[in-house]
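Chain naming here is simple, since letters A, B, ... match the order of the sequence lines and numbering starts at 1 in each.
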2 protein chains.
Amino acid sequence: MSAISTDRIADSIYDRLREEIFAGDLAPGARLSVPALAERLAVSRSPVREAVFRLVQDRLASEEPRRGAVVAKIGARELAAIYDVREVLEGLAARLAVENSGRRLVTALHDVLAEHERAVRDGDVAAVTEADMRFHALIRQASGNPEVGRLLDAVQTQVRLAMRTTRVTAGPRQAIDDHRAILTAIESGDPAAAELAARAHIFRLRSALLRQAEGE
Amino acid sequence: MSAISTDRIADSIYDRLREEIFAGDLAPGARLSVPALAERLAVSRSPVREAVFRLVQDRLASEEPRRGAVVAKIGARELAAIYDVREVLEGLAARLAVENSGRRLVTALHDVLAEHERAVRDGDVAAVTEADMRFHALIRQASGNPEVGRLLDAVQTQVRLAMRTTRVTAGPRQAIDDHRAILTAIESGDPAAAELAARAHIFRLRSALLRQAEGE
DNA sequence: AATAGCTTCGTTGCATGTAATCTTGGGGTG
DNA sequence: CACCCCAAGATTACATGCAACGAAGCTATT
């Protein structure tokens with residue numbers, strides 16, 4: 001019953017570096033020198049090497065020839081490509097959720113949507129983000145397809161990284177309207193409609209993103 | 001201009017283990033002991049450890065608690081989930097290929113299809129597989145979206161692993177008919193039609209797969 | 001003969017040594 | 001003043017040592 005043993009140094013270093021990247025403490029372009037990190041974190045090079053390796057595989061860092069890994073930059077172009085993928089994956093998740101799931105999902109989504117609306121009214125930015133992510137997470141868990149969940153996690157990792165450079169805000173009202181449309185489609189029990197609604201939502205996010213990148 | 005330096009021991013071990021898994025020399029369930037492999041391959045444990053780690057991340061192996069990694073088994077259920085993902089990704093690739101690509105793709109696909117038909121007539125199983133894979137690879141390269149390519153590579157890795165246990169053959173005539181339908185849709189320049197045709201193709205493969213798994 | 005305890009073996013994960021290779025900065029030269 | 005070459009530094013990748021931890025098998029006891 002115990003959780004995964006997190007007493008692995010390599011894991012905790014991976015988590016820590018990840019958070020430092022998302023928090024901006026490690027800006028895109030910053031070098032991830034294994035010896036330097038090992039000294040800063042007061043551990044040997046082995047677990048650091050493993051952690052950096054995982055960051056590269058997650059595309060949070062990229063290998064530069066003989067200069068070590070650096071925190072990855074991600075431009076609007078790459079992000080748009082990722083959103084193409086996200087569009088079809090979120091659509092798939094919504095379709096599968098309708099096919100596999102029941103009333104429980106609908107009520108949970110209603111709750112999150114209500115919280116989302118409250119957060120927007122109150123101007124609580126953190127809560128808005130939280131509710132937004134929860135909405136998608138619920139659907140993806142309900143899909144019953146772990147592969148979709150894993151891939152969407154990877155997509156979200158890239159999106160979070162992109163927020164370090166690109167400012168990507170879809171109008172908050174638009175997001176709520178989209179979510180409500182998705183929920184309505186799920187409630188109606190129509191898998192194809194749910195897929196379309198989810199895809200339309202992500203497609204609009206992608207458009208907003210590109211428009212914003214254009215205006216720079 | 002030189003290719004990626006493959007003179008890394010860890011890389012060559014990774015490639016070798018991968019091939020041994022696909023060839024069946026390492027059957028699903030076989031233990032991947034790092035010390036044992038290091039001795040067999042006459043290298044130290046470090047590069048072997050890295051290679052095994054990558055296999056686990058690719059889901060070609062799975063970690064068993066305190067007994068090391070073992071070659072992964074993949075059942076019909078997991079494979080069906082993977083095909084759900086593959087369906088939407090191949091659909092996306094086909095749509096993007098139509099939007100981004102031109103006549104070059106169409107002629108290349110015609111060539112591969114002709115070769116595919118010849119191979120089926122001659123009963124050349126290896127050539128059939130080759131042509132089939134080439135058809136999909138062409139579309140995915142033409143999509144211009146590297147993310148789709150990477151994810152479909154990962155999907156294909158799982159499919160190849162699954163072939164070690166599950167026998168997955170869609171009738172060869174069906175595959176050719178499907179491919180011709182996809183090509184027709186691409187030729188017509190209709191992105192939505194191409195997406196639907198590609199999705200239908202994978203969906204049929206998935207159905208054939210599940211039917212075959214059912215009958216056991 | 002069955003079972004409980006113990007010993008041995010194998011495994012992982014981390015630390016550290018070392019050679020090869022590339023980058024980079026400085027000093028000397030045309 | 002610009003440029004080139006060389007040397008020093010840093011990095012990776014691999015080898016190897018070592019302790020902790022379970023698992024599996026053997027032995028002794030009931």
Is A:R16 salt-bridged to A:E19, going by a charged N under 4.0 Å from an acidic O?
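Looking at A:E19 together with A:R16, the answer is no, because their closest N to O distance does not fall below 4.0 Å.
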
It should be established whether A:R8 places a side-chain nitrogen or oxygen under 4.0 Å from OP1 or OP2 of nucleotide C:dG13.
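The answer is yes; a side-chain N or O of A:R8 sits under 4.0 Å from OP1 or OP2.
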
Any side-chain donor-acceptor pair under 3.5 Å between B:R59 and B:T157?
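Their side chains do not contain a donor-acceptor pair, so the 3.5 Å distance test is not met.
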
With a non-hydrogen cut-off below 4.0 angstrom, is B:A36 in contact with a base, only sugar-phosphate, or nothing?
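Contact class for B:A36: none.
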
Atom pair distance, as rounded to whole Å: [atom1] in [X] and [atom2] in [N]:
X	N	atom1	atom2	value
A:E39	D:dT11	CD	C1'	15 Å
A:L37	C:dA15	CG	P	14 Å
B:I9	D:dT12	CD1	P	17 Å
B:D11	D:dC14	CG	P	8 Å

Can you tell me if [atom1] on [X] sees more than 12 non-hydrogen neighbours from other groups inside 6.0 Å?
X	atom1	answer
B:F203	CZ	no
B:E39	CD	no
B:R40	CZ	yes

Nearest to the side chain of A:R67, which nucleotide is it out of D:dT11, C:dT24, C:dT12?
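Nearest to the side-chain atoms of A:R67, counting from C-beta on, is C:dT24.
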
Specify the residue among B:R31 and A:A10 whose closest nucleotide of DNA chain C lies further upstream toward the 5′ end.
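Here B:R31 is the residue nearer the 5' end.
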
Got a sec? Which of residues 43-54 of chain A come in under 4.0 Å of DNA chain D, heavy atoms?
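DNA chain D contact set from residues 43-54 of chain A: A:R45, A:R49.
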
Point-to-point distance, once rounded to the nearest 0.5 Å, from CG of A:L26 to CG of A:L32
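Interatomic distance, A:L26 CG to A:L32 CG, rounded to 0.5 Å: 6.0 Å.
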
